[in-house]
Amino acid sequence: MLAFVTTTHAQATRHADAPPLLLGVAWYPEQWPEAQWDHDLTLMQAAHVHLVRIGEFAWSRMEPREGVYDFGWMDRAIAAAARHHIVVVLGTPTAAPPAWLTQKYPDTLRVSEDGVRDEHGNRQQFSFASTRYRRFAHDIAEQMAKRFGHNPDVVGWQLDNEYAADSFDPDAKAQFHAWLQHRYGGIDALNRRWATAYWSQTYDNFEQIPVRADHENPALLLDWKRFVTDTWRSYSINQIDAIHPHADPRQFITTNTMGWFDGFDAYTVHQVLDIAAWDDYVDAGEDYDWVDNAARHDLARGYKRRNFWVMETQPGSVNWHATNVTLRKGVVRDMAWQAVGHGADAVEYWQWRAAPNGQEEYHGTLLGADGTPVPVYREIQQVGADFAKAGAVLAGTTPHAEVAVINDFDGRWAINFQRHAANFDPVAELKAFYRPLRAQAQVVDVVSVHASLDGYKLVIAPALNVLTDAEAAQLKAYVEQGGHLVLGPRSGMKNADNGLQPQGQPGPLASVLGGRVAQFYALDKTVPVVGAAEQGSAKIWAEQLQVESPQTQVVLHYGKSNGWLDDQPAVLTRQLGKGSITYVGAWLDDGLLDRLTASWLQEADVHAPLPGAPQDVEVCVRGDARHQVVILINHAAAARRVSLPSTMWPVLAKGAASNEVSLEPNGVAVLDSREVAANR
Ligand code: GLA
């Protein structure tokens with residue numbers, strides 16, 4: 001089985017009384033007469049729901065008039081849930097300010113980039129930088145914490161809801177200027193680092209600097225994203241400071257993020273949060289792209305490098321695609337187990353029951369408007385029954401990967417500001433590297449470039465476009481200490497200011513590689529790529545590489561194409577002691593990348609936990625020092641058989657220990673390396 005590598009910490013849940021694996025729902029008691037609550041909670045209990053999130057949009061019920069608070073209904077809702085063995089996450093309601101607030105203080109409303117102030121009626125209409133709004137946000141969070149900070153049934157806090165909308169109001173602009181002043185010290189330093197001689201951009205003072213998120217100097221654009229990141233971080237701190245003094249330390253504080261969303265640097269924002277939690281919604285269709293979703297779970301696990309929560313997921317369908325196709329029967333359960341396989345300790349469905357009116361009437365739910373279960377309720381009930389069986393086995397366990405993919409927001413932003421090749425989507429490119437890794441290594445971490453790389457045998461940085469000297473030094477040390485590093489195209493092209501690295505790509509790692517990029521080419525057709533015993537192609541992007549050290553080898557080169565690329569190196573590698581650095585200068589076709597990945601894994605001595613498992617069966621492993629738990633998810637619409645490397649005990653199904661498992665279509669198996677007491 002897997003070597004035990006301590007790269008992440010287990011267990012997101014800290015509440016002693018909550019089951020280790022939690023099934024939850026988003027519940028909006030404020031939308032229903034109290035007399036109906038017990039009916040709903042009884043049906044939750046029957047589905048093994050042990051968690052509700054409440055409150056995140058209920059400001060107008062908590063503070064109906066300025067400074068007048070009504071938390072009695074929440075006391076009663078929490079107590080009612082507790083009678084059904086359900087614990088609570090409280091959402092601070094700041095994503096939906098009340099009308100009295102926005103009417104009396106219109107300066108708290110966000111302003112779009114083209115100068116239009118938002119209005120009431122939707123949500124997220126506040127300015128994240130508004131000093132006045134933050135005072136109100138602090139006060140409501142503090143009042144909630146005073147009331148519920150020691151409530152034994154409240155396990156944690158969700159700040160706001162899905163941070164997303166930045167604002168260009170006067171507060172935000174002034175803060176951006178102050179932020180720049182703090183970063184650069186003086187205007188001369190900014191002019192130098194931004195190279196503002198270009199287009200007469202030279203500034204005399206910080207107030208002259210435009211506040212834009214598009215069509216601007218790339219340095220400004222990158223700094224705006226960093227400012228937005230720091231502003232969401234301080235937005236969180238504002239509420240954390242209100243909650244902490246009044247709350248038990250066992251109550252965690254988090255917020256719910258959104259997959260690949262790149263509005264801010266999630267690593268920075270998570271510095272001040274206790275656990276990561278994300279909202280797992282998938283593209284429209286009866287099935288889902290499970291490898292993409294796997295990567296998004298790994299991304300969320302990487303924020304705190306420990307287990308996480310799925311704060312929201314869809315009970316079959318959503319309401320915001322053009323056509324909201326429902327997931328095929330069985331796929332909702334398959335998704336829940338995928339989340340757990342990747343390190344989720346809670347899976348919560350949004351939402352329990354449709355509001356009687358409002359913008360989301362069509363969204364998937366567990367109950368219909370009449371309060372009776374809809375068909376997917378049974379499938380989610382099955383998930384609850386599964387969690388009840390498997391919770392004790394999975395308690396304290398987490399995935400342990402020997403390989404990591406680096407996700408870097410600076411680089412993603414920088415490429416998106418200047419794609420140069422329209423189809424060079426940095427997330428798609430990251431996933432091009434993730435897919436074969438997932439298939440062949442099975443357990444993969446997705447981490448920040450600032451994460452410690454200790455314990456990883458192989459690290460792949462798909463498009464580390466912005467590379468600072470400090471980051472390069474870390475990667476160099478990793479290689480020198482025996483690590484195997486693979487850099488994808490466009491890596492090391494930019495410095496911390498989003499300016500060009502004068503030595504060319506990969507910038508400060510060029511001397512380590514003993515090679516560099518002589519020229520890059522955006523492609524509108526494929527280009528052949530060949531090696532000693534290899535044949536494939538590049539698409540979207542191709543870099544002409546140049547060898548600068550006798551120790552550097554050409555792994556692949558281009559075939560005949562635009563003349564410039566003909567016979568030029570496409571992939572270089574250099575051994576450094578026991579480690580190596582490889583530079584892949586093109587977006588390679590899937591088959592070629594698959595075979596290259598196999599060679600990197602072999603060189604780095606990485607072994608899949610279940611070699612030979614069918615490709616449409618997802619293999620997840622969570623473990624601790626005592627045992628390993630294998631979670632197998634059959635994403636295929638046909639049955640599959642999987643051989644295990646040793647005898648394992650079934651956790652969900654009754655049955656004897658075996659070294660082989662059969663899976664129904666969309667079937668799930670959970671297997672323990674230790675004997676499971678229930679099966680004795
Ligand atoms: C988001 C929000 C929820 C709800 C769902 C609908 O995730 O956080 O309030 O609107 O989308 O899919």
Side-chain angles (χ1 to χ4, degrees), residues 14-15 30 53-75 77-78 87-98 100-102 104-105 107-110 123-165 167 171-172 175 228-257 264 268-277 304 309 311:
R14 280 204 250 158
H15 190 276
E30 70 274 20
R53 184 193 62 189
I54 67 172
E56 84 277 10
F57 297 118
W59 198 338
S60 64
R61 284 294 307 274
M62 295 181 202
E63 190 180 359
R65 289 188 304 287
E66 185 173 350
V68 177
Y69 299 98
D70 175 9
F71 291 118
W73 66 274
M74 290 179 77
D75 290 333
I78 295 166
V87 296
V88 175
V89 166
L90 284 181
T92 67
T94 49
W100 58 255
L101 196 164
T102 53
K104 186 168 172 192
Y105 307 104
D107 57 303
T108 60
L109 288 166
R110 69 180 284 270
R123 54 180 172 177
Q124 297 184 323
Q125 68 269 50
F126 63 92
S127 162
F128 72 152
S130 160
T131 310
R132 194 197 304 278
Y133 193 72
R134 286 187 178 202
R135 243 183 350 253
F136 279 104
H138 181 278
D139 289 352
I140 188 70
E142 184 175 56
Q143 292 295 332
M144 289 178 77
K146 282 182 176 165
R147 188 81 172 210
F148 305 112
H150 303 295
N151 186 314
D153 300 308
V154 173
V155 295
W157 298 82
Q158 174 189 299
L159 305 179
D160 205 274
N161 192 77
E162 293 189 342
Y163 294 168
S167 176
D171 255 354
Q175 288 169 29
V228 168
T229 296
D230 285 351
T231 306
W232 281 121
R233 186 176 182 276
S234 63
Y235 183 86
S236 305
I237 291 172
N238 176 54
Q239 295 193 30
I240 292 168
D241 285 350
I243 295 170
H244 264 163
H246 307 288
D248 289 339
R250 66 170 175 80
Q251 291 183 342
F252 64 78
I253 300 182
T254 187
T255 192
N256 51 339
T257 53
F264 53 83
T268 303
V269 169
H270 277 89
Q271 285 166 359
V272 298
L273 302 173
D274 298 317
I275 65 167
K304 298 297 291 182
W309 278 24
M311 196 61 99

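Keep in mind the model is a prediction, meaning the values are calculated, not measured.
Applying the ring pair (Phe, Tyr, Trp, His ring centres under 6.0 Å) criterion to Y163, with sequence neighbours excluded, gives W232, Y235. Remark: D241 pairs with no residue by the salt bridge (Lys or Arg N to Asp or Glu O under 4.0 Å) rule, at least two apart or across chains. For A164, the side chain to side chain contact (heavy atoms under 4.5 Å, CB included) partners are Q124, M258, F261, not counting sequence neighbours. Scanning for side chain to side chain donor-acceptor pair (under 3.5 Å) contacts around D171 gives T131, with sequence neighbours left out. In this structure, the side chain to side chain donor-acceptor pair (under 3.5 Å) partners of T102, at least two apart in sequence or on a different chain, are H120. The salt bridge (Lys or Arg N to Asp or Glu O under 4.0 Å) check on D107 picks up R132, with sequence neighbours excluded. Under the salt bridge (Lys or Arg N to Asp or Glu O under 4.0 Å) criterion, R135 pairs with no residue, sequence neighbours left out. Residues passing the salt bridge (Lys or Arg N to Asp or Glu O under 4.0 Å) test with D139, sequence neighbours excluded: none. Residues satisfying the side chain to side chain contact (heavy atoms under 4.5 Å, CB included) test with A141, not counting sequence neighbours, are T92, Q239, A242, I243. Checked against side chain to side chain contact (heavy atoms under 4.5 Å, CB included), S234 has the following partners two or more places apart in sequence or in another chain: R134. Scanning for side chain to side chain contact (heavy atoms under 4.5 Å, CB included) contacts around H150 gives D248, with sequence neighbours left out. Applying the ring pair (Phe, Tyr, Trp, His ring centres under 6.0 Å) criterion to F136, with sequence neighbours excluded, gives W100, Y105.
Looking at heavy atoms from C-beta onward, M144 lies in side-chain contact with P93 at the 4.5 angstrom threshold. At least one side-chain heavy atom of H270 sits under 4.5 Å from a side-chain heavy atom of T257. The shortest distance between side-chain heavy atoms of F264 and T231 does not fall below 4.5 Å. Side-chain contact between W157 and I253: present, with at least one pair of heavy atoms (C-beta onward) separated by less than 4.5 Å. At a threshold of 4.5 Å between non-hydrogen side-chain atoms, the residues M62 and Q143 do not count as touching. Residues S236 and T255 fail the side-chain proximity criterion, which asks for heavy atoms closer than 4.5 Å. Side-chain contact between M74 and V88 is absent, with no heavy-atom pair separated by less than 4.5 Å. In this structure, the side chains of N161 and F57 come closer than 4.5 Å at one or more pairs of heavy atoms.
Contact between A96 and W59 at its shortest, heavy atoms only, is O-CB, 3.6 Å.
Taking the six-membered ring where the residue is Trp, F71 and F148 present perpendicular rings, their angle passing 60° and hence far from 30°.
With hydrogens and angles ignored, the 3.5 Å screen pairs no side-chain donor or acceptor of Y133 with any backbone N or O of R110.
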